[in-house]
Each structure stands twice: as structure tokens, then as C-alpha cells.
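These notes concern the structure reproduced below.
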Amino acid sequence: MKKLSTILCIACISVSVTAQSGVRIGNLEISIKKSTYDRDTLMQVTVIDPCPPCPSENETRPEPRKNPYKYHVSSFFVGMGFILPDNGNDYYTVLGGSSISIDAGWVRRYQISRRFALGGTFNYSYCNYKLRDAAENPVFMEEVIGKPFARKDISKQAYRCHDIAAGAFARFYLVPPKWRNNDGMYIDLGVQGDFAFSKYYRFNTHSEGKDRYHNDYAFNPFTASAVARIGWSWFAVFARYRFTDAFNSKALPADLPPVTIGILF
């Protein structure tokens with residue numbers, strides 16, 4: 001009786017497999033194929049191995065390894081630059097030794113990889129352009145001063161501005177930093193925008209003393225510059241080229257020299 005029951009079970013399974021042409025139980029798959037050359041029927045048994053293996057209910061997947069070079073760091077900086085004189089017809093004559101810029105602010109660096117980083121700056125900037133011949137220009141005298149002065153009466157003249165500046169840069173490392181607060185040896189290439197919240201022409205004469213002349217039409221409040229830096233650790237040398245006009249070309253015939261070179265700490 002037991003043998004008869006076993007034979008009937010095997011027959012039922014065979015009929016079910018044949019009718020469905022394929023049965024899958026867990027990772028075990030049974031498929032029925034017919035040969036095209038004869039009337040034989042082939043039965044194929046396949047064990048499916050899941051890929052990738054799924055973790056069990058009590059097992060958690062390991063977290064992917066974080067990039068050890070990805071981090072960000074902020075630092076304070078100060079700098080001083082010297083405005084290079086340009087005696088061309090497009091610029092007013094400035095005295096190089098007395099024409100300076102002073103910067104102080106924050107720089108934030110986002111380290112992307114071992115040899116590359118992105119960063120931004122936010123700072124206060126003061127610029128002093130000591131001029132020699134601006135007041136003698138008839139257009140400048142009429143637009144800014146409003147009345148003529150004898151050359152012998154003029155003792156000092158300068159253009160000064162106080163700016164809020166923000167910039168962005170890409171940093172390429174020649175020598176990668178060894179730890180987070182170290183900058184290694186690098187080259188920065190970036191841009192900077194300045195807003196002059198205070199700008200005026202300082203004019204001193206022997207007859208009338210010191211005076212300031214503000215002109216919102218002649219003096220542009222917004223300027224933009226390209227910036228390059230070469231640095232090692234906490235020290236850097238920078239060059240800044242202003243590619244927009246400091247003076248309104250519709251009001252004044254000449255502009256201020258655009259190049260500043262200096263150091264940062």
C-alpha cells in the first residue's frame with residue numbers, strides 16, 4: 001500500500017511539472033523542455049543563487065567607506081596689497097608706494113580630494129589710490145570738485161573706498177595638506193565681487209584744507225576682479241586684476257589702474 005501511494009505522488013508531481021512546464025520552489029527551479037529533433041522531453045533542475053546575497057533579518061549591511069579627504073575648514077585671513085601704477089592714457093596716474101589695499105575676512109575651504117578643493121571668501125577691503133593729476137583734468141574737476149584750483153594750492157589728492165567683498169575659487173595642490181588645518185602648497189584661481197559702501201575723493205589744499213567729494217554717478221559701487229594666489233601653509237602671494245571700471249566711463253575720461261599684488265596671512 002505504501003509503495004502504491006509513493007508511485008501515485010511521483011506521478012502527480014510529474015503531471016503537474018509537465019502541465020506547467022516549470023516549477024520554482026525557493027532557490028530550486030524545475031523546467032520541462034521538448035527536443036526539436038525527437039519526441040523526448042527533457043527535465044532541467046536549476047539551483048538559483050541570489051546575487052548579491054540578501055542580508056538576513058538580523059543582519060545589517062555595512063555602511064560604505066567615507067572619503068577621508070572630504071571635509072571643510074574655515075580660517076581668518078589678513079592681507080596687504082600694492083596697486084601697480086599705470087601711466088597710460090586710460091588711467092589716472094597713481095603713486096605706487098602710497099596706493100595700497102588692506103583685506104581682512106574669512107575663507108572657507110571644502111576639500112574634495114587629496115589634490116583639489118573648492119572655497120569661498122568673505123571679507124572687508126580698504127583701498128587707497130593716491131592720485132597725482134586727477135584734479136588737473138578739466139572733466140574730473142568739473143564732475144567731482146566743481147571748481148578749479150591752482151596746481152600750487154593742491155597738497156594731496158586720493159580716491160578711497162571701503163568695500164564688502166565675496167569670492168569663490170578652485171584650489172589645486174602642488175603639495176597636499178598633511179592635516180586639516182594645514183593648507184599644503186597650492187594655487188588658487190577665482191573671482192571676487194566688491195560692493196563699495198563708502199567711496200569718495202579726498203582733496204587737500206593749502207587754502208581750504210581737507211575735503212571729501214562723494215559722487216554716486218561718477219564712482220561705481222560694484223566691481224569684479226579675477227584673483228590668483230600661490231600659497232604655502234599659512235602664507236600666500238596674490239595678484240588681483242579688476243576687469244570692471246571703478247569710475248563711470250560716461251562721467252570720467254579715465255579709470256584707476258586695475259592690478260594689485262600683495263601678500264596674505
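Starting from 1, each residue takes its place in the sequence as its number.
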Query raised in the report: Can you check salt bridge (charged side-chain N to carboxylate O under 4.0 Å, His left out) on Arg240 and Asp194, steps first, answer last?
Result: CA-CA 12 Å; Arg240 185 166 57 228; Asp194 291 69; 5.9 Å; no

For [X] and [Y], test the side chains for any donor-to-acceptor distance below 3.5 angstrom and give the result as yes or no.
X: Ser207; Y: Asp153; value: yes
X: Arg108; Y: Tyr110; value: yes
X: Ser225; Y: Arg242; value: no

Report task. Flag the pair Tyr129 / Tyr92 as yes when their ring centroid distance falls below 6.0 Å, and as no otherwise. Result -> no

Query - Ring centre gap for Tyr201 and Tyr159 strictly below 6.0 Å - result: no

Contact between [X] and [Y] at the side-chain level, heavy atoms closer than 4.5 Å - yes or no?
X: Trp234; Y: Asp183; value: no
X: Phe172; Y: Phe116; value: yes
X: Asp188; Y: Phe238; value: no

Query raised in the report: What's the spacing between Ile154 CD1 and Ile145 CD1 if we round to 0.5 Å?
Result: 6.5 Å

Requested in this report: Could you check whether the rings of Tyr173 and Tyr186 sit parallel, tilted or perpendicular, using 30° and 60° as the cut-offs?
Outcome: perpendicular

Query raised in the report: How are the rings of Phe140 and Phe247 set relative to one another: parallel (under 30°), tilted (30 to 60°) or perpendicular (over 60°)?
Result: tilted

Query raised in the report: Trp232: what forms a ring pair (Phe, Tyr, Trp, His ring centres under 6.0 Å) with it, not counting sequence neighbours?
Result: none

